[in-house]
Participant: 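Could you have a look at this structure, given as structure tokens, before my questions?
This one's a predicted model, so the numbers in the text were calculated from it and none came from an experiment.
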Amino acid sequence: MAGTAPIPAEALRAAVAPVLPWLRGEAEQPPRAVLGAAVKTSARWLAQQVPGRSVEVRVPPHVAVQCIEGPRHTRGTPPNVVETDAATWLRLVCGLLSWDDAVAGGAVAASGNRADLAAVLPLRPLR
């Protein structure tokens, strides 16, 4: 994340707060821009907290970030990939869904020996 300003915990909470009622099933899906901001901010916050280039986290069509220390990946498909949809990602980062349940239920595709985010999810400011 070189060249980008650090994301404060308050900014993370502010980006995610508008989507919480939807994630809990209490409201309709928020507008795409609101949903995208929550996904992008939370993924970038994760990459800021556990920097590295060994795991690529993808939440299409919103964001892809690299994180976790280890062997750096530079070309083609990375060996360690985590991919999921926006709702699942946000439930994971907020602690509304466990990593193990998401993987077991097929809501998260995780490939590679480093593609286990259980130790870093939910994100600390959102617990």
Participant: Do you know the tightest heavy-atom contact between Ala15 and Ala37?
Facilitator: CB-O, 4.1 Å
Participant: For Glu28, give me all partners under side chain to side chain contact (heavy atoms under 4.5 Å, CB included), at least two apart in sequence or on another chain.
Facilitator: none
Participant: Identify the heavy atoms of Leu97 and Leu92 that sit nearest to each other, and give their distance.
Facilitator: O-CD2, 3.4 Å
Participant: Compare all side-chain heavy atoms of Gln66 with those of Val55 and state whether any distance is below 4.5 angstrom.
Facilitator: no
Participant: What residues, two or more places apart in sequence or in another chain, satisfy side chain to side chain contact (heavy atoms under 4.5 Å, CB included) together with Ala109?
Facilitator: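 For Ala109 there are no side chain to side chain contact (heavy atoms under 4.5 Å, CB included) partners, ignoring immediate neighbours.
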Participant: Over all heavy atoms of both residues, which pair between Val57 and Leu46 is shortest? Give the atoms and the distance, please.
Facilitator: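 Taking Val57 first and Leu46 second, the nearest heavy atoms are CG2-CD2, 4.3 Å.
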Participant: Listing request: all salt bridge (charged side-chain N to carboxylate O under 4.0 Å, His left out) pairs with a residue in residues 94-103, at least two apart in sequence or in separate chains.
Facilitator: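 Those involving residues 94-103 do not exist here.
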Participant: State, to 0.1 Å, how close Val63 and Val65 come at their nearest heavy-atom pair, and which atoms those are.
Facilitator: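 Smallest heavy-atom distance, with atoms named: CG2-CG1, 3.9 Å.
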Participant: Are any of the side-chain heavy atoms of Gln29 and Leu35 separated by less than 4.5 Å?
Facilitator: yes
Participant: Drop me the distance from Cys67's SG to Glu56's CD, to the nearest 0.5 angstrom.
Facilitator: 9.5 Å
Participant: I'd like to check the side chain to side chain contact (heavy atoms under 4.5 Å, CB included) partners of Ala118; sequence neighbours left out, ordered by chain and number.
Facilitator: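 In terms of side chain to side chain contact (heavy atoms under 4.5 Å, CB included), with neighbours along the sequence ignored, Ala118 is linked to Trp99, Asp116.
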Participant: List the atom of Cys94, the atom of Pro122, and the distance in Å for their closest heavy-atom pair.
Facilitator: C-CB, 3.8 Å
Participant: Which side-chain N or O atoms in residues 78-91 pair as donor and acceptor under 3.5 Å with protein atoms at least two apart or in another chain?
Facilitator:
| residue | atom | partner | partner atom | Å |
| --- | --- | --- | --- | --- |
| Asn80 | OD1 | Asn113 | N | 3.1 |
| Asn80 | OD1 | Arg114 | N | 3.0 |
| Asn80 | ND2 | Ser54 | O | 3.1 |
| Thr84 | OG1 | Ala107 | O | 2.6 |
| Asp85 | OD1 | Thr88 | OG1 | 2.7 |
| Asp85 | OD2 | Ala87 | N | 3.1 |
| Asp85 | OD2 | Thr88 | N | 3.0 |
| Asp85 | OD2 | Thr88 | OG1 | 3.3 |
| Trp89 | NE1 | Ser42 | OG | 2.8 |
| Arg91 | NE | Leu23 | O | 3.1 |
| Arg91 | NH2 | Leu23 | O | 3.3 |

Participant: Could you pull out all residues at least two apart from Arg13 that satisfy salt bridge (charged side-chain N to carboxylate O under 4.0 Å, His left out)?
Facilitator: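 Arg13: salt bridge (charged side-chain N to carboxylate O under 4.0 Å, His left out) contacts with Glu10.
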Participant: Contact between Leu121 and Val93 at the side-chain level, heavy atoms closer than 4.5 Å - yes or no?
Facilitator: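 Yes - at least one pair of side-chain heavy atoms lies under 4.5 Å apart.
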